[in-house]
Engineer: 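Dumping the structure here so I can ask a few things about it.
Heavy atoms only: backbone and side chains are in, while hydrogens, waters and symmetry mates are out. The first residue in the sequence is number 1, and the count goes up from there.
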Amino acid sequence: MSVSSALPDLRESFPPHAPGTEPDKPASLLSRAPGVLLLLVVGYAGKFVEHFLNTWTKAHHVTFPNIEYVLWAIIFGILIANAVGLPKIFRPGVATYEFWLKAGIILLGARFILGDILKLSGISLLLVAIAFTFSIAFMTWLGRAFQLGPKLTTLLAVGSSVCGVSAIIATQGAIDADEEDTSTAIAAILALGALSLFTFPLIGHALHMSDQAYGIWTGLAVDNTAEATAAGALYSDTAGKYAVLAKTCRNALIGFVVLGYAIQWARKGLASTGTQAQLNNKAAFLWKKFPKFVLGFLFISLLATLGTLDPKLYPQLASLIPLGFTKPQIAALGNLSRWAFLLTFAGVGLRTNLRDLFKQGARPFIVGALGEIAIAAITLILVLGANHLYHL
């Protein structure tokens, strides 16, 4: 696909995580409305195409793979952003896609019981620890082998090991990476995340993986939270749910990882004065970087759990049980979560800028691709082993 150099870049006006600069003035609710409406139109177009193709192929007895609306919404968004470009009026609203992602994850907590979270989080955390250690070490070695700059190497390593774009931007300030390194790392992570939407479901089906095993693998191996959620949802609704759970375990590490790199850079005398000042209060630094939506996810799950308890079996919680969600409320929250993700997936496509991918040549993309293949392979082996032992 050819992309005009004159095409407006959405990130220049409304960066996804504020690389470089923040918009001068916060956008008003009214100014966001056109972009949010566009997210809804693009997302619903994906659902329409999925339904139309399924209906048409069945009516005409045509064999055609069931491509979920998730992928159609992302493809439509990428085509609009990179072939046509977004008029300025849509940009503030499209930039809200991360809000819808976090809202969707929080609401998804209603579909988890705390006991299941504790059980699966224990397994997931062990797998996350192993995968994280391997990812950081391997990506750092790979970046050095391909003679990438230390800051770009760090951004790729953090992005692939923790939570994609969010980790890259959080680390950018800690190591004073420039905007070119940041945009290159972001573009590589997003492009590889988009490829995972095609490859991961195929591998999962070929290996006949269970929904839980596939979802945990996706949450461990796919970097960006939105793409991990989408890759899981492409396999099944249940797989998408467990992909979010595993990915949330990874996201919770972001503060510790950024703090570690900030301390390392400060010891080398390479950190800015602002970063060094923040390191004086490490607890505040961790809280600032910690993804707060994780707490919202756990709180909603707690309320869902209370709603399932029998007061006769848990008399000590009798006064709290009425605060829990009923089954109709849980179903309603689940539907709201799906609508939030619909806007998210459209935003993923609309925010993908293919021009940034090769700003520094092909080497960053090659490093990212080789690293992601190795991480996907290692995490797949880990999950298959855990599935054999614990029957995920």
Engineer: I'd like to know if the side chain of Ser301 and the backbone of Leu298 have a donor-acceptor N/O pair within less than 3.5 Å.
Structural biologist: no

Engineer: Considering residues, nucleotides and ligands other than Leu29, do more than 12 of their heavy atoms fall under 6.0 Å from its CG?
Structural biologist: no

Engineer: Restricting to non-hydrogen atoms, name the atom on Asp178 and the atom on Asp181 that form the minimum distance, rounded to 0.1 Å.
Structural biologist: OD1-N, 2.7 Å

Engineer: Of the non-hydrogen atoms in Pro364 and Leu156, which two are nearest, and what is the gap between them?
Structural biologist: O-CD1, 4.1 Å

Engineer: What do you reckon, is CG of Leu30 surrounded by more than 12 foreign heavy atoms closer than 6.0 Å?
Structural biologist: no

Engineer: For Gly104, is there any backbone N or O sitting under 3.5 Å from a side-chain donor or acceptor partner on Ser337?
Structural biologist: yes

Engineer: First locate atom CD1 of Ile105, then atom CG of Leu245, and finally report the distance between them rounded to the nearest 0.5 Å.
Structural biologist: 11.0 Å

Engineer: Between CD1 of Ile186 and CZ of Arg351, what distance do you get to the nearest 0.5 Å?
Structural biologist: 9.5 Å

Engineer: Which pairs would a plain distance check flag for residues 339-349, meaning a side-chain donor or acceptor within less than 3.5 Å of a matching protein atom at least two apart in sequence or in another chain?
Structural biologist:
from   : atom 1 : to     : atom 2 : distance (Å)
Thr344 : OG1    : Leu101 : N      : 3.0
Thr344 : OG1    : Ala340 : O      : 3.0

Engineer: Counting only heavy atoms from other residues, nucleotides and ligands, does the tally under 6.0 Å from NZ of Lys312 exceed 12?
Structural biologist: no

Engineer: Starting at OH of Tyr214, measure out to CG of Leu234 and round the result to the nearest 0.5 Å.
Structural biologist: 6.5 Å

Engineer: At what distance, to the nearest 0.5 angstrom, does OG of Ser160 lie from CD of Glu372?
Structural biologist: 5.5 Å

Engineer: Look up atom CG in Leu380 and atom OG1 in Thr218, then write down how far apart they are to the nearest 0.5 Å.
Structural biologist: 10.0 Å

Engineer: Please report the C-alpha distance between Arg250 and Asp223 in whole Å, then the side-chain angles of each, then the deciding distance to 0.1 Å, and finally whether the salt bridge (Lys or Arg N to Asp or Glu O under 4.0 Å) criterion is met.
Structural biologist: CA-CA 9 Å; Arg250 287 174 64 191; Asp223 302 326; 3.6 Å; yes

Engineer: With ring pair (Phe, Tyr, Trp, His ring centres under 6.0 Å) as the test, would you mind laying out the steps for Trp72 and Phe48 before giving the verdict?
Structural biologist: CA-CA 9 Å; Trp72 288 117; Phe48 173 80; over 10 Å; no

Engineer: Using the test ring-ring contact (aromatic ring centres under 6.0 Å, His included), find all partners of Trp141 that sit at least two apart in sequence or belong to another chain.
Structural biologist: Phe138

Engineer: Decide if atom CD of Gln147 counts as having more than 12 heavy atoms of other residues, nucleotides or ligands within a radius under 6.0 Å.
Structural biologist: no

Engineer: Answer yes or no: are there more than 12 heavy-atom neighbours, outside Tyr44 itself, under 6.0 Å from its atom OH?
Structural biologist: no

Engineer: Verify, without hydrogens or angle tests, whether Trp217 (side chain) and Ala376 (backbone) share a donor-acceptor contact under 3.5 angstrom.
Structural biologist: yes

Engineer: Given Leu220 and Val128, is the side chain to side chain contact (heavy atoms under 4.5 Å, CB included) satisfied, shown in steps?
Structural biologist: CA-CA 6 Å; Leu220 290 174; Val128 164; 3.3 Å; yes

Engineer: Provide the closest heavy-atom pair for Ile254 versus Pro291 in the form atom of the first, atom of the second, distance.
Structural biologist: CG2-CD, 3.4 Å

Engineer: Apply ring pair (Phe, Tyr, Trp, His ring centres under 6.0 Å) to residues His205 and Tyr235 and explain how you reach the verdict.
Structural biologist: CA-CA 8 Å; His205 285 299; Tyr235 196 77; 4.4 Å; yes

Engineer: Between Arg338 and Asp237, is there a salt bridge with N-O shorter than 4.0 Å?
Structural biologist: yes

Engineer: Could you tell me whether a side-chain N or O of Arg91 sits under 3.5 Å from a main-chain N or O of Leu86, the two making a donor and an acceptor?
Structural biologist: yes

Engineer: Please give me the minimum heavy-atom distance between Leu382 and Ile130, naming the atom from each residue.
Structural biologist: CD1-CG2, 3.8 Å

Engineer: What heavy-atom pair brings Ala284 and Asn281 nearest, and what distance separates the two atoms?
Structural biologist: N-OD1, 3.1 Å

Engineer: For Lys247 and Asn251, what are the C-alpha separation, side-chain angles and deciding distance, and is it a side-chain hydrogen bond (donor to acceptor under 3.5 Å, both in side chains)?
Structural biologist: CA-CA 6 Å; Lys247 190 68 180 68; Asn251 291 347; 2.8 Å; yes

Engineer: Roughly how far, to the nearest 0.5 Å, is CG of Asn82 from CG of Leu350?
Structural biologist: 9.5 Å

